[in-house]
Amino acid sequence: MKFALDEDQREFKALLRQFVDNEIVPVARDWEQAGRYPTEIVDGMKDMGLFGITVPEEYGGLDLDPVSFALVFEEIARGWMGIAGILGSHSLACRLIAMHGTEEQKSTYLPDLATGKRRTGIGLTEPDAGTDLQGIRTTARLDGDHYVVNGAKMWITNARYADPLPVLVKTDPTASPAHKGMSVLLIEAGTPGYTVTKDIPKLGYKGTESCEILLDDVRVPVSQLVGGVEGRGMQQVLSALEWGRVNIAARSVGIAQRAHDEALAYAQQRKAFGKPIADFQAIQLKLGELGTQVQAARLMAYWAADAVRNGRADGATGMAKIFCSEVALQAAIDAMKVHGGYGYSTEFEVERLYRDAILMSIGEGTNDILRTVVAKSLVSGETVVG
Ligand SMILES: Cc1cc2nc3c(=O)[nH]c(=O)nc-3n(C[C@H](O)[C@H](O)[C@H](O)COP(=O)(O)OP(=O)(O)OC[C@H]3O[C@@H](n4cnc5c(N)ncnc54)[C@H](O)[C@@H]3O)c2cc1C
């Protein structure tokens, strides 16, 4: 049994680390607080080919193995988690198109998505349905060679740059069970009736926008139905979300690693009662726990990433997403405590880690829902603990 990255993965991680340390770490705090869009960082990620990490090589992508995919999100989130958001739903949607799209859809979109010339996201959540995706209300009614789409989407990350945006709709709102009437349509930006109406104000996850979208009689050609067959939308989305959970687990490791790094450095530099606070046992307990938890989370994230190499692994990805996101939040809180009053200051990094960490327990399935997913996987015997 091996617990180490292979040589290619180590080199890739070192390259990512260098990019993050040079291009993201120095500007993250200022740009995040200014609400500035990180255009230069996006350009750098384009140059590195990172918009193509889930695009097959034949369409110009890097087609990374899932562990290398996790490394991208770990390293970028160590610098600034919001940046990982720009790549996150883009990569998930690219994977959805690559796995389930028609040949025409793949050749039309994937080459430009791989370079970042086109960008994308994923439109699932609605004002009245998030966890319960079968409860969405957006409908797509067939009218000749077009669907007419009506509804609203909520919290859509990258909405202002997505072209096309894969949108989950009901092509048969009367179907029972509901998922049999659900499909994904690739809606191009600029299609009449498709409007990004609002950037939702948020606690953290700045740098990337999360928006409301209105769909008002949007006419979408039938050729934009992912896979060309109705009723497969939920299955298509769920298979892509599996990599999404690896992505969130890895982002959580990145946040936790940064919390650890900041706490360790501060504890050695800050003095109280004539000595570095790292000499006090109360601080040592926090540092020891932080290091232990971060390393455990990292192993779990890589393990789950490795598990999806051979297909669906709901149990492993669910476990990793739950564990790593909880570690990230606790690590951020502990790092703030090590910093004392300065931990609460926006002039230090750790308060951002805290604001960003909370999202990790919500996105790609809330942790409570994933606990039920893990339980089902244990009961069915698909996942075996031991
Ligand atoms: C910053 C941000 C970015 C996002 N980006 C995107 C995006 O790009 N695309 C997209 O489609 N969505 C996106 N989302 C939406 C996100 O995926 C949803 O918020 C998430 O799935 C939860 O859905 P909800 O908010 O509707 O909560 P709800 O589903 O209303 O859940 C509320 C609470 O009820 C609990 N709950 C619900 N059902 C059950 C149950 N059966 N058993 C036990 N507990 C239950 C949940 O765990 C949660 O605690 C984003 C959200 C945020 C905050």
Same cluster or not: Trp31 versus Ile255, using hydrophobic residues (I, L, V, M, F, W, Y) connected whenever any side-chain heavy atoms lie under 4.5 Å apart?
no
Exactly one of Val25, Asp47, Ile24 should register a side-chain contact (heavy atoms from CB on, under 4.5 Å) with Phe19. Which one does?
Ile24
Spell out, yes or no, whether Val294 and Leu299 are grouped together once hydrophobic residues are joined by side-chain heavy atoms under 4.5 Å, including indirect joins.
no
Passing candidate, side-chain contact (heavy atoms from CB on, under 4.5 Å) with Arg119, options Ile86, Asp112, Asp163, Leu87
Ile86
Are the side chain of Asn158 and the backbone of Tyr161 linked by a donor-acceptor contact shorter than 3.5 Å?
no
Could you tell me if the ring centre of Tyr354 sits under 6.0 Å from that of Tyr344?
no
For Lys180, look at atom NZ and say whether over 12 heavy atoms of other residues, nucleotides or ligands are found less than 6.0 Å away.
no
Counting only heavy atoms not in Arg137 (residues, nucleotides, ligands), do more than 12 fall under 6.0 Å from its CZ?
no
According to a hydrophobic-cluster definition based on side-chain heavy atoms being under 4.5 Å apart (Ile, Leu, Val, Met, Phe, Trp, Tyr only), do Leu16 and Ile41 belong together?
yes
Count the heavy atoms belonging to other residues, nucleotides or ligands that lie under 6.0 Å from CD of Glu104, then report whether that count exceeds 12.
no
Exactly one of Ser223, Pro164, Pro221 clears side-chain contact (heavy atoms from CB on, under 4.5 Å) with Leu186, and that residue is Pro164
Under 3.5 Å, is there a donor-acceptor pair between the side chain of Glu242 and the main chain of Asp314?
yes
Indicate whether any N or O donor in one side chain lies under 3.5 Å from an N or O acceptor in the other, for Lys170 and Thr138.
no
Other residues, nucleotides, ligands: >12 heavy atoms within 6.0 Å of Glu7 CD:
no
Is there a donor-acceptor pair under 3.5 Å between the side chain of Ser183 and the backbone N or O of Gly231?
yes
Inspect the surroundings of NZ in Lys271 and state if more than 12 heavy atoms from other residues, nucleotides or ligands are less than 6.0 Å away.
no
Has the side chain of Lys376 got a donor or acceptor atom that lies under 3.5 Å from a matching backbone atom of Val379?
no
Arg258 side chain to Arg78 main-chain N or O, any donor-acceptor pair under 3.5 Å?
yes
Is it true that the side chains of Glu209 and Thr157 contain a donor and an acceptor less than 3.5 Å apart?
no
